[in-house]
Chemist: 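Here it is: the structure, laid out below.
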Amino acid sequence: MKAQLPPASKRPALWEKIYWIADPLDYMDTYARQYEDIFTNYILGANNPWIFVSHPQGIQKVLTDDIFEAPGSVNKILAPLTGDNSIFILEGDRHKRERKLLMPSFHGERMRDYGELITDITHQIMEKLPLKQTFIARDIMQAISLDVILKVVFGVYEGERYNQLKPLLSGMLDIGKSPLTSSFLFFPILQQNLGSWSPWGYFLKQRQKIDELLYAEIRERRENPDESRTDMLNLMIAARDEEGNPMTDQELRDELLTFLFAGHETTATAMAWALYWIHHQPEVYEKLMSELNSLSRDADGMEIFRLPYLTAVCQETLRIYPVGMLTFARTNKESVDLMGYQLPPKTPVVGCIYLTHRREDLYPQADQFKPERFLERKFSAYEFLPFGGGSRLCLGMALAQYEMKLVLATILLNYELHSLEKQPVKAVRRGITLAPKGGIKMELLNKRSQPPKPRVLVGTV
Ligand code: HEM
């Protein structure tokens, strides 16, 4: 059958690319209005068609049919941040091996070890906030999620190495803060080392300092193994593949940075959005507080994790502005029919998570925040997919959901916050994620001295 790509805009490729970088939501909304379930775009160049699909059937096919592969080469753009051994960039058998090695560390069951740590981190950071002064929710959530990654994943606790790593990692993560700084990733020509005063040269220098600290941590762990430690780095060091081989230092370093990039921005942004919606809609706040107040004093992390309304609030938060707008690209091994179009072999296709989540046929009044929709009906893995799916389903899904719920519950039960956002907050690009413009201005009105039921939500079970 003759190859036929889905419809595409006639605008020049460079214009498309700039439009996509500058205003991804408007870009997707505009083309979805014109072409509905599936369209072609040229954000990667005039000879490089990409397909965006948002119909659940199309998404299911792309994520589950063996004719589609999940190539890592399309994520090469992230290599300067994560290194070439990152699971993002691996493909085929090496990708499968890496997932097998890493998956046990991220299994839902493991989360119970981390509950107390997550609640303690939340308290430590919230306690530093002065009363009745404006703070940016995203910055505070980012401080929490950075500490969670450092302690839960890297297993680096307060001390000299922690104190050095923390600001270095924060600085490196800021590369995604604006379209301008993230242009490094999209335009490799900007990756010019003109000395440490030049932006790229500075980035390389910071990255080298981070590497030295991470390799020192890995070396020490190998020299003094301690099986009682529950952090993920310890589990990764102990993991063996089918041939009995461990991960190399380079692989461990690349995956640590991968988790940092994949997990820290995303979870922080999701928690900031959740705080926004909860405080933006009084009825959501009331319902959630009443559910949290019904917890017993000795409620543990898993009980909080299972709360139905809290779960629905988190799901709706990840639906309305999914932090990851797209799945990673998949490509077809052979020519394939997708939603009535015949794609030539090796066409990159992405699941457009944002557009799927905004479909009126699935989510009536899709632009409104209504957690109840998740209590009223079940959505399939191809209708609601904030963590992607198939062979690249987010590895950190359990950690992200657990962290979101524990942090929100701890904050709401112990601190009375107030949103200073008078107007609806817009979603804007932040690196490869979708974040609230301005980060959400809030203030701390009160610390609940006689908190309603569990004061410290102990996460151990
Ligand atoms: C709310 C928070 C998060 C969201 C919305 C999110 C979303 C996503 C999405 C959409 C993908 C692509 C999946 C696909 O292409 O099918 C992904 C992949 C991935 N995520 Fe997350 N993520 C979050 C948190 C985390 C955390 C906390 C970690 C680790 C600490 C993490 C690690 C990863 C990794 C390693 C992959 C790549 C998996 C692979 O290539 O096999 N993510 N995530």
Side-chain angles (χ1 to χ4, degrees), residues 53 59-60 62-64 68-75 78 81-82 85-92 94-103 105-108 110-111 114 118 141-142 144-146 148-155 231-233 235-236 254-274 314-315 317-331 348-354 356-357 381-382 384-405 407-408 430-435:
V53 59
I59 298 225
Q60 179 167 13
V62 172
L63 295 183
T64 60
F68 283 96
E69 300 177 300
S73 49
V74 290
N75 297 327
L78 300 172
L81 302 175
T82 60
N85 298 289
S86 159
I87 190 160
F88 283 161
I89 292 162
L90 298 179
E91 52 192 22
R94 272 203 74 195
H95 176 250
K96 267 195 206 128
R97 168 193 182 260
E98 198 78 350
R99 277 189 78 97
K100 271 200 193 141
L101 281 165
L102 296 174
M103 243 147 39
S105 319
F106 284 95
H107 195 272
R110 295 222 50 82
M111 295 309 129
Y114 308 132
I118 295 174
M141 295 305 106
Q142 181 145 324
I144 294 176
S145 76
L146 179 58
V148 170
I149 297 265
L150 275 171
K151 291 176 179 163
V152 167
V153 181
F154 290 32
D231 59 79
M232 292 185 181
L233 175 57
L235 299 168
M236 283 155 59
D254 287 3
E255 295 306 18
L256 286 177
L257 288 182
T258 300
F259 300 148
L260 177 77
F261 286 109
H264 153 267
E265 287 265 317
T266 44
T267 315
T269 298
M271 296 190 297
W273 272 126
C314 292
Q315 287 172 315
T317 299
L318 290 170
R319 177 197 69 82
I320 194 161
Y321 287 125
V323 179
M325 297 174 265
L326 309 172
T327 68
F328 291 134
R330 310 304 202 256
T331 52
V349 185
V350 296
C352 193
I353 303 175
Y354 167 76
T356 309
H357 286 186
Y382 314 106
F384 178 62
L385 65 157
F387 296 100
S391 62
R392 284 200 186 266
L393 173 70
C394 174
L395 263 187
M397 182 169 81
L399 176 61
Q401 290 172 318
Y402 192 59
E403 180 179 344
M404 246 182 119
K405 292 180 188 178
V407 169
L408 291 173
R430 198 186 146 99
I432 51 171
T433 66
L434 204 55

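First listed ligand is number 1; within each ligand, the first listed atom is number 1. Throughout, numbering of the chain's residues begins at 1 and tracks the sequence.
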Chemist: Suppose we screen for ring pair (Phe, Tyr, Trp, His ring centres under 6.0 Å). Which residues come up paired with H264, at least two apart in sequence or across chains?
Modeler: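 Result, ring pair (Phe, Tyr, Trp, His ring centres under 6.0 Å) vs H264: none returned.
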Chemist: Strictly under 4.0 angstrom, heavy-atom based: which residues surround ligand 1?
Modeler: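 Ligand 1 pocket, heavy atoms under 4.0 Å: I87, F88, H95, R99, F106, F259, A262, G263, T266, T267, A270, T327, F328, R330, I353, P386, F387, G388, G389, S391, R392, C394, L395, G396, A400.
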Chemist: Measure centre to centre between the rings of Y114 and Y402, then say whether the value is under 6.0 Å.
Modeler: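 Y114 vs Y402: aromatic centres not under 6.0 Å.
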Chemist: Tell me the closest heavy-atom pair linking E91 and A70, and the distance in Å.
Modeler: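 Scanning both residues completely, I find the closest heavy atoms to be CB-O, 4.1 Å.
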Chemist: Of all residues at least two apart in sequence or in a different chain, which pass the side chain to side chain donor-acceptor pair (under 3.5 Å) check with R94?
Modeler: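 Side chain to side chain donor-acceptor pair (under 3.5 Å) list for R94, sorted by chain: N85, E251.
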Chemist: With sequence neighbours excluded, tell me which residues meet side chain to side chain donor-acceptor pair (under 3.5 Å) with T317.
Modeler: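 Per chain and number, T317 pairs via side chain to side chain donor-acceptor pair (under 3.5 Å) with no residue.
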Chemist: Can you tell if the side chain of R392 reaches within under 4.5 Å of the side chain of R330, non-hydrogen atoms only?
Modeler: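 Answer yes - side chains close enough.
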